[in-house]
Amino acid sequence: MKLGRLNHIGVATPDLAASIAFYRDIMGASDITEAFDLPEQGVKVCFVNTPGENGTAGTQIELLQPLSPDTAVGKWIEKNPLGGQHHICYEVPDIHAAKAWFESKGKKVLGEPRIGAHGTLIFFVHPRDMGGVLTEIMETPKGEH
Ligand SMILES: CC[C@H](C(=O)O)C(=O)SCCNC(=O)CCNC(=O)[C@H](O)C(C)(C)COP(=O)(O)OP(=O)(O)OC[C@H]1O[C@@H](n2cnc3c(N)ncnc32)[C@H](O)[C@@H]1OP(=O)(O)O
Ligand SMILES: [Co+2]
């Protein structure tokens, strides 16, 4: 497998509105998407778009607020009440080939690929097998290969 584009850095927060204000007012972000709920992942999510190069899209900050305490991010926020860096997401051209690759290397893939916040298939690999980093693998949106 070849290392793909860093699509986003997932940042968990207990207060999405406060985090949006931070990226806008302190970090000078000018391109922040509307927040939306992703119930299947138990999160309210929005994206801070960072500048890209030569007109290409930059890596995003994915801001995640848990919809309830009994969710993956809700459980993480209990342990990390200020929030913080939660996961890293890389793009791959073929999600099923990538899943087979990680499994062939003995890495614990969490569940079957499912639709993520960008509308393409994603899966996660357990942080224990990834140097402590919860790693999301996402199929590159069609037409963006
Ligand atoms: C899909 C929408 C959006 C997108 O981009 O499209 C998203 O990214 S949504 C993101 C939210 N969804 C997920 O995170 C799903 C994957 N996560 C999980 O399945 C769980 O969070 C899991 C399995 C990683 C941990 O769940 P568990 O119930 O086992 O929690 P524990 O607190 O018992 O943790 C066990 C062990 O893992 C360490 N851990 C947990 N979360 C993280 C993390 N984000 N980064 C690094 N390490 C993490 C935790 O510290 C425990 O370590 P230990 O040494 O055993 O104490
Ligand atoms: Co993500």
Side-chain angles (χ1 to χ4, degrees), residues 1-24 27 29-53 56-145:
M1 190 182 106
K2 246 167 37 75
L3 183 62
R5 177 173 173 270
L6 178 61
N7 179 273
H8 66 265
I9 296 172
V11 172
T13 174
D15 183 343
L16 190 61
S19 294
I20 289 169
F22 167 78
Y23 279 94
R24 184 191 60 231
M27 297 307 292
S30 57
D31 183 0
I32 303 177
T33 70
E34 283 300 310
F36 59 95
D37 287 358
L38 212 58
E40 56 277 24
Q41 284 289 338
V43 289
K44 180 183 284 293
V45 57
C46 76
F47 291 98
V48 178
N49 290 315
T50 69
E53 279 148 30
T56 61
T59 293
Q60 297 174 313
I61 303 295
E62 179 183 75
L63 293 176
L64 302 158
Q65 178 181 304
L67 290 173
S68 70
D70 60 339
T71 56
V73 175
K75 188 167 180 182
W76 191 87
I77 287 277
E78 269 173 34
K79 285 185 166 177
N80 305 275
L82 293 180
Q85 189 270 320
H86 179 263
H87 65 273
I88 285 185
C89 179
Y90 300 98
E91 292 180 19
V92 293
D94 179 334
I95 195 79
H96 300 293
K99 178 171 181 286
W101 165 262
F102 283 104
E103 287 172 336
S104 75
K105 298 297 177 189
K107 309 298 182 188
K108 182 171 175 43
V109 171
L110 297 162
E112 287 303 312
R114 57 191 182 281
I115 296 297
H118 290 79
T120 67
L121 285 172
I122 62 136
F123 62 79
F124 287 89
V125 191
H126 202 287
R128 192 172 36 243
D129 295 334
M130 301 297 281
V133 178
L134 176 58
T135 301
E136 178 181 347
I137 303 298
M138 165 191 152
E139 191 160 72
T140 301
K142 292 289 171 265
E144 290 183 20
H145 280 281

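Excluded from the calculations below are hydrogen atoms, water molecules and symmetry mates; all remaining heavy atoms, backbone and side chain alike, are included. As the structure lists them, so they are numbered: ligands from 1, and atoms in each ligand from 1.
Considering only non-hydrogen atoms, atom 18 (C) of ligand 1 lies nearest to Leu110 out of Leu110, Val73, Leu64. Among Gly10, Ala72, Pro127, the residue whose heavy atom lies closest to atom 48 (C) of ligand 1 is Pro127.
The line from NZ of Lys107 to CD1 of Ile137 is 12.0 Å long, rounded to the nearest 0.5 Å. In this structure, CG on Leu64 lies 9.0 Å from CG on Leu38, to the nearest 0.5 angstrom.
Listing protein N, O or S atoms at distances below 2.8 Å from the Co ion (ligand 2), with waters left out, gives His8 NE2, Glu62 OE1, His87 NE2, Glu136 OE1.
Taking a cut-off of under 4.0 Å to the non-hydrogen atoms of Gly116, the atoms of ligand 1 that pass are 1 (C), 6 (O). Ligand 1 places these atoms under 4.0 Å from at least one heavy atom of Gly132: 46 (C), 47 (N). Short contacts between ligand 1 and Ile122, defined as distances under 4.0 Å to a heavy atom of the residue, involve ligand atoms 1 (C).
Between Lys79 and ligand 1, at least one N/O pair is under 3.5 Å apart. For ligand 1, the polar-atom distance check against His126 finds no nitrogen or oxygen pair separated by under 3.5 Å. The shortest N or O to N or O distance between Arg128 and ligand 1 is not below 3.5 Å. Residue Arg114 has no N or O atom closer than 3.5 Å to an N or O atom of ligand 1.
Between Phe36 and Phe47, the ring-plane angle classifies as tilted under the 30° and 60° cut-offs.
Not a single heavy atom of His118 lies less than 4.0 angstrom from ligand 1.
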